Peer 1: 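Attaching a single structure in C-alpha cells format; questions to follow.
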Amino acid sequence: MSGTFVGMPAFPKAAHEAVHDRTLRGNLRHATHTIRGKRAKAVAELADWAELREAGKRIKDHTLRHLDRYLVQLEESVTAAGGTVHWAADADEANRIVADLVKETGESEVVKVKSMATQEIGLNEALEAEGIRAYETDLAELIVQLGKDRPSHILVPAIHRNRGEIREIFAREMSEWGRPAPDGLTDTPAELAEAARLHLREKFLRAKVGVSGANFMVAETGTLVVVESEGNGRMCLTLPETLISVVGIEKIVPTWQDLEVFLQTLPRSSTAERMNPYTSTWTGTTDEDGPRHFHLVLLDNGRTDTLADEVGRQALRCIRCSACLNVCPVYERAGGHAYGSVYPGPIGAILSPQLRGTASEIDASLPYASSLCGACYEVCPVAIDIPEVLVHLRERVVEGGPVTRAGNKVVLQPAKGHAAERAAMRAARWAFSRPGVLRTGQRLASRTRRIHPRTLPGPGRAWSGTRDLPPVPAEPFRDWWQRTQNAKGGAE
C-alpha cells in the first residue's frame, strides 16, 4: 500500500487524541447510530438473510480458492469485449500504468468515482506529480478533497464532518478547484448538494478521461459493476472517451448468478436500501455508446500475500459495505483517522496489517484496535470472523513467524515491547502443565490476597491501568470442591 497514512502515530496514541474531540465524537455517534438502525430494519425484511449471508461467504471462498483461473477468464473476457487488461503487482506499478495511460490521451485532468483502491495506492498524488489533476466526484470524497482531509469511513468518507463544517469548506475551497460555491450558501442539505452538483457538472461535461474502481467484476463476461447512490458514477463511466478502472483482484465473482446474491446483501448492509439507486455495468467498449477506450488495471498490492494466510485470507471476502464500522464501539469513539489507513474500523484492523505488513508502528498496533466484542462478525454480510483474524494477527505481532511478503516466504521477528508478555505466557504454560505447581500457586495467592496490590507493577501497569484486577477468592476452587464433596460423602 502507499505511504499516504504511514508515519502516523500508533493507534493508541491517535485514538487518545481523537476521543478528546467532542465534535468528532458527536458526529460519529449520530451518523453510526442512524446508519446501523436503518440497516437493521432493512435486513430484517429478508426472511432468508442468513442463507444469503452463507451464500455470499461460499461464493467468495470458492472464488479465492480458484482465483488464478477466474482472473485468466476475466482477462480473456475483457479483451474479447474490446478492453485492455493491465496487471499491477504493487502501488508504484499501478500508478505508473494509470499515469502513462492518461498522458497518452494528451489530457491533464481526470474525473474519479468509486476510488477506494486508488486511495490505497495514492493515485491522486502520483498523478499530481505527473502534472495531472484528479477530481473526486462522490459527494463525501469531494468534501474530503476540498478540505485537504483524509477519508475516515468506507461508505461515508466525510462522516467526521457536520453540515456547518461542510458549508465552510465549500465556501472557502470550491473556487480554487473550479466553479465557486453560490453566494449566501447555508448548511441545509439541499443547498449543499446543489452547490456540489453545479461544481461537478462542468467537470463531467469537460472530462475526456474517467478513473473508477468497481464493486464487482464478473469473470464469465468481463463485466464490471459499480453501485452508488448519487449518479456521479453513471456520469464518470459513460461520458469520458477513455475509462481506466483500478480494481483489486479479490473483487471478482465467477458468474452473473453469483452477482445476484451480492446485489441483495450489499445495499442493505451499506446504505440500508433494498437496492442501489444506480447500478452501472459495462462490458468492454462499443462504437455506439460510452467510452471508446477501456483499460482495466488489476491490482495485487499485497492481496496474494494475504491469500497465502489460511486464517487471514477471509478478509478478502470483504465487499466494502462498512457495516462493521457502524457497530464497532472502538470506531465510534476513535474515528477513522486513528487507523492510519484508507480502510478504517474493524475490517481495516485486519486488512491493512496484511496488505502492508506489520513492520510499522501503526500497522503493528491495528490488531489491538478492538475489544473483541464480536459485533462486527454478527453484521458482516459475508461472515468474516474479524475477531478470529484479530487474535491471529496479534499472535503474529508478538510471536513473529513465517509469512508471505511480495510472494516470498519470510520469517518475522517478534515485535519489540512484548518480551514481558511472552515471558508471562511461557510461565503460565509451564505452571498449567504441572498440577502440583498450579495448586501450590493458587493456595499461596489465596492466603496472601489481603496484601495484593490494586494495580500490576512494571509492564503490567499498562493492562491494569484501565482494568480492575479480579479479586482472589479466600479458597481455591479445587480445595473448595474437595472439601464440599468430602462433606457430602460423609453425610451419606
Side-chain angles (χ1 to χ4, degrees), residues 1-6 67-68 70-72 74-75 78-79 83-105 107-138 141 145 150-151 154 157 209-217 222 224-226 236-237 240 242-252 282 291 293-307 315-316 318 320 341-343 348 351-352 354-357 363 404-408:
M1 296 176 74
S2 80
T4 304
F5 290 77
V6 176
L67 188 60
D68 54 346
Y70 287 121
L71 285 171
V72 171
L74 176 71
E75 180 182 30
V78 170
T79 303
T84 303
V85 177
H86 309 263
W87 300 82
D90 54 27
D92 290 340
E93 186 172 10
N95 289 333
R96 185 166 58 251
I97 290 170
V98 176
D100 288 345
L101 290 172
V102 176
K103 286 191 287 187
E104 286 175 8
T105 68
E107 297 296 318
S108 60
E109 61 182 26
V110 301
V111 289
K112 294 178 63 190
V113 63
K114 280 289 174 186
S115 55
M116 183 162 283
T118 66
Q119 292 170 351
E120 173 189 326
I121 63 176
L123 178 62
N124 286 9
E125 293 79 7
L127 291 179
E128 185 177 3
E130 298 289 340
I132 302 166
R133 198 166 201 183
Y135 297 109
E136 299 289 351
T137 66
D138 291 305
E141 296 285 6
Q145 185 177 49
R150 290 171 172 167
I154 289 175
V209 181
V211 174
S212 82
N215 294 98
F216 306 101
M217 303 180 290
L224 273 68
V225 184
V226 161
C236 287
L237 299 171
T242 299
L243 175 61
I244 305 167
S245 297
V246 182
V247 190
I249 57 175
E250 82 281 11
K251 294 296 187 70
I252 197 168
W282 67 100
H293 309 284
F294 170 57
H295 298 271
L296 172 59
V297 181
L298 291 171
L299 177 67
D300 185 328
N301 206 36
R303 285 160 175 79
T304 53
D305 293 343
T306 304
L307 188 60
L316 297 177
C318 179
R320 309 292 192 267
S341 166
V342 68
Y343 304 114
L351 188 58
S352 298
Q354 295 191 86
L355 296 180
R356 299 194 302 208
D363 289 318
T404 303
R405 283 284 166 265
N408 301 310

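In this text the structure is predicted, and so the values were computed from the model without any measurement.
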Peer 1: How long is the straight-line distance from CG of L351 back to OH of Y343, given to the nearest 0.5 Å?
Peer 2: 6.5 Å
Peer 1: What heavy-atom pair brings L74 and G222 nearest, and what distance separates the two atoms?
Peer 2: CD1-CA, 3.9 Å
Peer 1: Would you mind reporting whether E120 and L299 have side-chain heavy atoms less than 4.5 Å apart?
Peer 2: yes
Peer 1: Quick one: pull up CG in L243 and CG in L101 and give me the separation to the nearest 0.5 Å.
Peer 2: 11.0 Å
Peer 1: How would you list, by chain and number, every residue that makes a side-chain hydrogen bond (donor to acceptor under 3.5 Å, both in side chains) with R320, sequence neighbours excluded?
Peer 2: E250
Peer 1: Run the numbers on M217 and S245 for side-chain contact (heavy atoms from CB on, under 4.5 Å), then give the verdict.
Peer 2: CA-CA 11 Å; M217 303 180 290; S245 297; over 6 Å; no
Peer 1: What distance do D92 atom CG and I97 atom CD1 have between them, rounded to the nearest 0.5 Å?
Peer 2: 11.0 Å
Peer 1: Going from CD1 on I244 to OG1 on T118, what distance comes out if it is rounded to the nearest 0.5 angstrom?
Peer 2: 11.5 Å
Peer 1: By ring-ring contact (aromatic ring centres under 6.0 Å, His included), which residues pair with F216, not counting sequence neighbours?
Peer 2: F262
Peer 1: Kindly give the heavy-atom pair with the smallest separation between E141 and P157, and that separation in Å.
Peer 2: OE2-CG, 3.5 Å
Peer 1: Working to the nearest 0.5 angstrom, can you tell me the gap between E93 CD and N95 CG?
Peer 2: 10.5 Å
Peer 1: Heavy atoms only: give me the nearest V246-A117 pair and the separation to one decimal.
Peer 2: O-CB, 3.8 Å
Peer 1: Can any side-chain N or O of D305 pair as donor or acceptor with the backbone N or O of A406 at less than 3.5 Å?
Peer 2: yes
Peer 1: With side-chain contact (heavy atoms from CB on, under 4.5 Å) as the test, would you mind laying out the steps for D300 and W87 before giving the verdict?
Peer 2: CA-CA 8 Å; D300 185 328; W87 300 82; over 6 Å; no
Peer 1: Identify the two heavy atoms, one from E130 and one from A99, that lie closest to each other, and give their separation to 0.1 Å.
Peer 2: CG-CB, 4.0 Å
Peer 1: Assign the ring pair W282 / F294 to parallel, tilted or perpendicular, where the plane angle (0 to 90°) is split at 30° and 60°.
Peer 2: perpendicular
Peer 1: Could you please spell out the steps behind the side-chain contact (heavy atoms from CB on, under 4.5 Å) verdict for L355 and R303?
Peer 2: CA-CA 6 Å; L355 296 180; R303 285 160 175 79; 3.9 Å; yes
Peer 1: Are the side chains of V211 and S115 in contact, using a 4.5 Å heavy-atom criterion?
Peer 2: no
Peer 1: Kindly say whether K112 contributes a backbone atom to a donor-acceptor pair with the side chain of T137 at under 3.5 angstrom?
Peer 2: yes
Peer 1: Under 3.5 Å, is there a donor on one side chain and an acceptor on the other for E136 and N124?
Peer 2: yes
Peer 1: To the nearest 0.5 Å, tell me how far I249 CD1 sits from T304 OG1.
Peer 2: 5.5 Å
Peer 1: Which heavy-atom pair separates A315 from Q354 by the least distance, and what is that distance?
Peer 2: CB-NE2, 3.8 Å
Peer 1: Specify the closest pair of heavy atoms between V78 and T84, including all atoms of both residues, with the distance to one decimal.
Peer 2: CG1-N, 4.3 Å
